[in-house]
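Inspection log for the structure reproduced underneath, given as structure tokens.
In listed order, ligands and their atoms are each counted from 1.
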Amino acid sequence: MENYDDFRIKPFIFHNKSFYVKHDELLDPFLSGNKYWKLHALIQMPKERYKQLFSYGGTQSNAMLSLAVLCHQKGWTFHYTCKPVPSHLKQQPSGNLSKALDLGMLLHEVSHDDYEHCVQRLREDYIGDAESLFVPQGGADPMAQLGVQKLADEIKQWQHTQYIERLNIVTPSGTGTTAYYLAQALPKCKILTTAVVGDKAYLQAQMEILGEIPSNISILEGTKKYQFAQLYPELLKVYDRLLDAGVTFDLIYGAVMWHVLLQHYDAVEGMILYVHSGGLMGNASMLDRYRHKGML
Ligand SMILES: *Cc1c(COP(=O)(O)O)cnc(C)c1O
């Protein structure tokens with residue numbers, strides 16, 4: 001790693017526009033990007049604190065794989081509840097699912113009809129249980145605040161040493177947990193994000209679970225809405241262009257965020273710092289899908 005300023009922040013020129021990128025994808029190959037910060041409180045926790053961890057959500061989720069890595073490191077049993085897994089994936093697990101299973105994750109499939117009920121039961125059964133920990137989907141938990149505060153502290157120190165007055169911090173949102181706690185911790189900065197999982201209303205509803213939405217968050221929308229984790233030629237193109245410019249971003253969150261950010265670039269006042277949210281371990285299976293569709 002050469003030419004990095006403090007806190008992995010480096011200038012980045014893209015489409016003849018200038019940015020800074022905070023390279024948190026380099027923190028750890030699996031526990032990388034914002035999952036490192038969101039799970040920071042757990043990473044710091046002594047092994048003896050818990051015996052098992054329960055979570056739920058999609059079977060290719062980055063949060064799932066990060067939790068699997070964490071539990072493997074701590075020696076905790078990892079129980080993960082999901083909706084029915086497609087048969088081809090069950091016969092031949094790939095991507096994040098196969099890595100998480102290799103790390104010992106116990107997958108509990110439940111029917112679509114039972115899913116919400118099962119998740120609610122887990123929540124009730126294990127919140128307050130001394131040996132077990134329940135982590136909501138995507139790590140959308142107040143526990144994330146502690147780690148994201150550390151991320152904010154790094155940004156604040158860097159901003160100070162660079163004498164930057166107006167700083168815009170860009171990062172893509174799933175549950176919005178990272179953007180939410182960043183905005184809370186950095187009231188003088190503007191947080192620009194976009195809804196990658198659902199639409200803007202869905203993201204706002206997700207953030208409202210955490211509390212009142214800070215006024216310094218802007219949820220940017222593009223001219224077109226992309227379905228989560230689906231294949232689009234323009235997203236592949238942004239990913240390729242970013243790669244040509246020297247940085248690998250993830251094809252699900254990063255590609256959408258950059259695509260939307262470029263549409264809003266001229267209206268942004270001040271410096272832009274893009275916080276890399278990680279997720280690179282999911283690129284192999286996304287690229288396989290693009291190849292399979294003949295788009296690559
Ligand atoms: C999980 C994830 C996000 C979304 O983070 P939230 O805090 O849920 O909004 C963004 N980018 C990548 C690469 C992720 O893995």
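The two atoms that bring Glu154 and Trp37 nearest to each other are OE2-CH2, 3.5 Å, heavy atoms only. The minimum heavy-atom distance between Gly33 and Leu27, with the atom names listed, is O-CD1, 4.4 Å.
Residue Gly278 has no N or O atom closer than 3.5 Å to an N or O atom of ligand 1. For ligand 1, none of its N or O atoms has an N or O atom of Gly138 under 3.5 Å away. Looking at Lys38 next to ligand 1, an N or O pair under 3.5 Å apart turns up.
With 3.5 Å as the limit, one finds no donor-acceptor pair spanning the side chains of Glu116 and Gln120. Inspection of the Ser32 and Glu25 side chains reveals no N or O donor paired with an N or O acceptor under 3.5 Å.
Here Tyr265 and Phe19 bring their ring centres to under 6.0 angstrom of each other. Ring centroid separation for the pair Tyr232 and Tyr226 comes in under the 6.0 Å cut-off.
Residue Gly279 approaches ligand 1 through these ligand atoms, each under 4.0 Å from one of its heavy atoms: 13 (C). For ligand 1, the atoms closer than 4.0 angstrom to any heavy atom of Gly174 are 4 (C), 5 (O), 6 (P), 8 (O), 9 (O).
Under the 4.5 Å side-chain criterion, counting only non-hydrogen atoms from C-beta, Phe228 is in contact with Ile252. When side chains are defined from C-beta on, Cys82 counts as touching Leu107, because their heavy atoms get closer than 4.5 Å.
Protein heavy atom nearest atom 11 (N) of ligand 1, with residue, atom name and distance: Ser277 OG, 2.8 Å. At the shortest separation from atom 1 (C) of ligand 1 among protein heavy atoms lies Lys35 NZ, 1.5 Å. What sits closest to atom 8 (O) of ligand 1 on the protein, heavy atoms only, is Thr175 OG1, 2.6 Å.
Residue contacts with ligand 1: Gly33 is excluded, as none of its non-hydrogen atoms falls under 4.0 Å. Within the 4.0 Å heavy-atom cutoff, Gln206 does not count among the residues contacting ligand 1. For Gly176, the heavy-atom gap to ligand 1 drops under 4.0 angstrom.
By the criterion of a heavy-atom distance under 4.0 Å, the side chain of Asn34, and not its backbone, is placed next to ligand 1. Contact annotation: for Thr178 versus ligand 1, heavy atoms closer than 4.0 Å belong to both the backbone and the side chain. When non-hydrogen atoms are compared, ligand 1 lies under 4.0 Å from the side chain of Asn62 (C-beta onward) but not from its backbone.
One finds a salt bridge joining Asp288 and Arg291 here, because a Lys/Arg side-chain nitrogen approaches an Asp/Glu carboxylate oxygen to under 4.0 Å.
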